[in-house]
Amino acid sequence: MTIEITTTPNEQDPKTISQGIIDFNHSKIPDLEPIEEEIKFFTFARNQVGKVVGGIRAVCFWNTLHIELLWLSEDCRGKGVGKKLIESAENYAKDNGCEKVFVETTSWQAKPFYEKAGYKHIATINDRPKGHSSHYLTKELS
């Protein structure tokens, strides 16, 4: 056996390991929602001339909305734009069968914002990145 690390795999090898975990998961939980049914989506805030001034990149799978990132331009912060973005993403997720939300944020980012929006802090990894912390939060969608 050999162990290989690469940043340029051939086209088939990533598909092999993805299918392998899908097959394993379904052998343990036959009615598990297929990962192929994941929904990747974006929510954008645009100014009056159509320029993106904020947004969310997210994915829905396994009954959970995973917020991958949320960004707001400086001039939009503190004005309710983030709240509107997150509510829009949550509503879209609910319409697509999500019951929960999961998000990671760092110590210099948006933990208080998420907590104000009803998210509960569930874990922290200290010194990630070095000198800071990563916070994990969740929320039940009703």
Side-chain angles (χ1 to χ4, degrees), residues 3-142:
I3 303 295
E4 169 192 359
I5 295 177
T6 182
T7 58
T8 57
N10 67 41
E11 190 175 319
Q12 185 56 45
D13 291 347
K15 291 178 184 177
T16 298
I17 62 173
S18 292
Q19 191 60 52
I21 195 66
I22 289 168
D23 293 345
F24 172 79
N25 289 343
H26 283 284
S27 75
K28 300 298 179 187
I29 305 172
D31 62 344
L32 184 65
E33 175 188 331
I35 199 77
E36 305 86 48
E37 292 182 18
E38 74 180 12
I39 302 167
K40 295 180 182 187
F41 71 96
F42 296 84
T43 304
F44 295 111
R46 296 181 187 274
N47 66 13
Q48 57 276 14
V49 295
K51 180 181 176 188
V52 172
V53 293
I56 293 174
R57 181 180 75 201
V59 62
C60 295
F61 68 93
W62 288 357
N63 79 326
T64 305
L65 165 61
H66 296 257
I67 297 174
E68 296 178 338
L69 66 83
L70 182 152
W71 169 80
L72 291 174
S73 64
E74 285 291 330
D75 59 324
C76 288
R77 294 178 188 168
K79 297 180 179 172
V81 177
K83 180 180 178 183
K84 289 178 184 175
L85 281 169
I86 205 148
E87 288 173 350
S88 177
E90 290 173 355
N91 287 333
Y92 180 84
K94 283 192 284 189
D95 291 345
N96 284 279
C98 289
E99 301 165 351
K100 304 173 182 301
V101 187
F102 178 75
V103 66
E104 171 191 357
T105 190
T106 54
S107 52
W108 70 89
Q109 290 178 329
K111 183 176 178 262
F113 166 79
Y114 288 110
E115 289 172 327
K116 187 176 177 184
Y119 288 66
K120 304 294 182 224
H121 178 257
I122 57 172
T124 295
I125 298 176
N126 293 316
D127 215 26
R128 178 184 184 269
K130 200 153 197 60
H132 302 278
S133 299
S134 289
H135 302 289
Y136 300 86
L137 300 99
T138 189
K139 180 179 179 179
E140 297 288 325
L141 296 175
S142 51

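What you see is a predicted model, and the numbers here were worked out from it, not measured in a lab.
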Look at the rings of Phe41 and Tyr92 and say which category their plane angle falls in: under 30° parallel, 30 to 60° tilted, over 60° perpendicular.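 If you compare the ring of Phe41 with that of Tyr92, the planes turn out tilted.
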Do the rings of His66 and Phe61 sit parallel, tilted or perpendicular, given the 30° and 60° boundaries?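 Judged by the thresholds at 30° and 60°, the geometry between His66 and Phe61 is parallel.
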To the nearest 0.5 Å, what is the distance between [atom1] on [X] and [atom2] on [Y]?
X      : Y      : atom1 : atom2 : answer
Ile67  : Tyr119 : CD1   : OH    : 3.5 Å
Glu115 : His121 : CD    : NE2   : 7.0 Å
Glu99  : Leu65  : CD    : CG    : 12.5 Å
Ile122 : Thr138 : CD1   : OG1   : 5.5 Å
Lys100 : Glu140 : NZ    : CD    : 3.5 Å

Sidechain-backbone polar pair: [X] side chain, [Y] backbone, donor-acceptor under 3.5 Å:
X      : Y      : answer
Thr6   : Thr8   : yes
Ser107 : Ser133 : yes
Ser134 : Arg128 : yes

For Phe113, ring-ring contact (aromatic ring centres under 6.0 Å, His included) partners two or more places apart: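 Not a single residue meets the ring-ring contact (aromatic ring centres under 6.0 Å, His included) criterion with Phe113.
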Listed partners of [X] passing side chain to side chain contact (heavy atoms under 4.5 Å, CB included), at least two apart:
X      : result
Lys15  : Glu11, Gln12
Asp23  : Gln19
Lys83  : Glu87
Leu141 : Glu90, Ala93, Lys94, Cys98, Val101

Within a strict 4.5 Å, meaning less than it, do heavy atoms of the [X] and [Y] side chains meet?
X      : Y      : value
Ile86  : Tyr114 : yes
Asp31  : Ile29  : yes
Lys139 : Leu137 : no
Leu85  : Trp71  : no
Tyr136 : Thr105 : no
His132 : Thr106 : no

Contacts table for residues 73-82: side-chain donor-acceptor under 3.5 angstrom, sequence neighbours left out:
| residue | atom | partner | partner atom | Å |
| --- | --- | --- | --- | --- |
| Ser73 | OG | Val53 | O | 3.2 |
| Ser73 | OG | Asp75 | OD1 | 2.6 |
| Glu74 | OE2 | Arg77 | NH1 | 2.6 |
| Arg77 | NE | Leu72 | O | 2.8 |
| Arg77 | NH2 | Leu72 | O | 2.6 |
| Lys79 | NZ | Asp75 | O | 2.7 |

